[in-house]
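All of these numbers come straight from a predicted model, not from anything done at the bench.
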Amino acid sequence: MADTSKHTIAVLVENKFGVLTRVAGLFSARGYNIESLSVGETLDPSVSRMTLVVRGDAFVIEQVIKQLHKLIDVIKVTDLSEDNHVEREMLLLKVNAEPANRAEILRLGDIFRAKVVDVTPSAYTLEITGEESKIEGIIDLLRPFGIQEIVRTGKVAIARGPKTRLRKLEERLGKSRETPRPPNDDPKVVGFAD
């Protein structure tokens with residue numbers, strides 16, 4: 001059985017009319033499903049960055065990347081799943097907030113570092129940002145209270161900078177780490193509350 005894991009693919013494209021349609025068309029024509037898609041302008045307004053999440057085995061992902069490279073408006077394609085990267089998703093969640101449950105909903109929101117962005121007499125709307133596991137975790141915990149609506153952005157991701165650059169910069173500035181960073185302070189360690 002082939003390994004069909006999720007891959008996060010970053011695509012830099014020219015910010016032109018119809019590019020998103022051509023990328024989506026490429027996937028649908030080949031029967032590949034895009035699990036999530038986020039698009040936004042980069043520092044250069046003429047370039048946009050798409051973050052796609054696609055499930056597939058090594059062959060499918062290789063074909064997706066090759067086909068993306070063939071599109072005329074595509075500048076660069078990177079499979080971030082192969083690199084050390086940071087990925088986040090944002091969720092807006094509207095949950096029933098009966099007076100008896102409000103304190104518990106707010107307590108759960110605090111644990112997940114959620115922000116209350118709207119309050120009505122019968123509902124709270126929370127904003128939560130984090131990895132997919134964190135998003136799924138708060139949804140599961142708030143489901144018994146009665147979730148009215150959820151909206152998810154899909155993943156955005158960025159490669160981590162190489163640690164060797166930081167070391168070289170510290171050496172140039174005459175700084176050196178006297179003591180190694182404790183394991184629990186490692187930025188790669190991410191839990192539900194991050």
Donor-acceptor under 3.5 Å (Thr42 side chain, Val47 main chain)
yes
Could you tell me which residues satisfy salt bridge (charged side-chain N to carboxylate O under 4.0 Å, His left out) with Asp140, sequence neighbours excluded, listed by chain and number?
Arg143
Side-chain heavy-atom pair Asn96, Tyr124 within 4.5 angstrom cut-off
no
Does any part of the side chain of Ile135, heavy atoms only, come nearer than 4.5 Å to the side chain of Arg152, both counted from C-beta?
yes
Apply the test salt bridge (Lys or Arg N to Asp or Glu O under 4.0 Å) to residues Arg113 and Glu127: give CA-CA distance (whole Å), side-chain angles for both, the deciding distance (0.1 Å), then the verdict.
CA-CA 9 Å; Arg113 295 187 183 152; Glu127 174 189 313; over 6 Å; no
Flag yes if Ile128 and Val117 sit in one hydrophobic cluster, no otherwise; membership is Ile, Leu, Val, Met, Phe, Trp, Tyr, and two members link when side-chain heavy atoms are under 4.5 Å apart.
no
Student check: side-chain heavy atoms of Arg107 and Asp110 closer than 4.5 Å
no
Residues passing the salt bridge (charged side-chain N to carboxylate O under 4.0 Å, His left out) test with Arg22, sequence neighbours excluded, are Asp73
Let me see the working for Leu92 and Leu126 under side-chain contact (heavy atoms from CB on, under 4.5 Å), right down to the final yes or no.
CA-CA 6 Å; Leu92 292 174; Leu126 305 174; over 6 Å; no
Heavy-atom count check: over 12 atoms from other residues, nucleotides or ligands less than 6.0 Å from Lys6 NZ?
yes
Between the side chains of Arg30 and Gln67, is a donor N or O closer than 3.5 angstrom to an acceptor N or O?
yes
Do side-chain atoms of Ser38 reach the backbone of Thr153 as a donor and acceptor pair under 3.5 angstrom?
yes
Salt bridge Glu62-Lys66, side-chain N to carboxylate O under 4.0 Å
yes
Taking Phe59's backbone N and O only, do any of them form a donor-acceptor pair with Asp57's side chain (distance below 3.5 Å, no angle check)?
yes
My understanding is that only residues two or more places apart in sequence, or in another chain, count here; which of them pass salt bridge (charged side-chain N to carboxylate O under 4.0 Å, His left out) with Glu41?
none
Ala157 to Leu80 - nearest heavy-atom pair and separation
CB-CD1, 3.5 Å
Between NE2 of His85 and OG1 of Thr51, what distance do you get to the nearest 0.5 Å?
10.0 Å
Tracing side-chain links under 4.5 Å among I, L, V, M, F, W and Y, which residues wind up in one group with Ile34?
Ile9, Val11, Val13, Val19, Leu20, Val23, Leu26, Phe27, Tyr32, Leu37, Val39, Met50, Leu52, Val54, Val60, Ile61, Val64, Ile65, Leu68, Leu71, Val74, Val77
Using a 3.5 Å distance criterion without hydrogens, assess whether the side chain of Arg102 forms a donor-acceptor pair with backbone atoms of Ala97.
yes
Which residues pass the side-chain hydrogen bond (donor to acceptor under 3.5 Å, both in side chains) test with Asn15, not counting sequence neighbours?
Ser48
Going by heavy atoms in the side chains, are Ile75 and Glu14 under 4.5 Å from each other?
yes
Kindly work out whether a path of hydrophobic side-chain contacts (I/L/V/M/F/W/Y, heavy atoms less than 4.5 Å apart) joins Ile150 to Val116.
yes
I'd like to check Leu91 versus Ile138 (side-chain heavy atoms, cut-off strictly below 4.5 Å). Are they in contact?
yes
Quick one: list whatever passes salt bridge (charged side-chain N to carboxylate O under 4.0 Å, His left out) with Lys155, sequence neighbours left out.
Glu87, Glu132
Which heavy atom of Ile158 sits nearest to which heavy atom of Arg49, and what is that distance?
CA-NH2, 4.0 Å
Any side-chain heavy-atom pair from Leu141 and Phe112 closer than 4.5 angstrom?
yes
Please walk me through it: do Val86 and Arg160 pass side-chain contact (heavy atoms from CB on, under 4.5 Å)?
CA-CA 7 Å; Val86 177; Arg160 289 187 188 267; 3.6 Å; yes
Check the pair Glu104 / Phe145 against side-chain contact (heavy atoms from CB on, under 4.5 Å), numbers first and verdict last.
CA-CA 10 Å; Glu104 180 64 11; Phe145 297 103; 3.5 Å; yes
Drop me the distance from Leu108's CG to Ile111's CD1, to the nearest 0.5 angstrom.
5.5 Å
Ignoring hydrogens, what is the shortest heavy-atom contact between Asp79 and Thr8? Give both atom names and the distance.
OD1-O, 3.4 Å
Considering only NZ, NE, NH1 and NH2 on the basic side and carboxylate oxygens on the acidic side, decide whether Glu131 and Lys134 come within less than 4.0 Å.
no
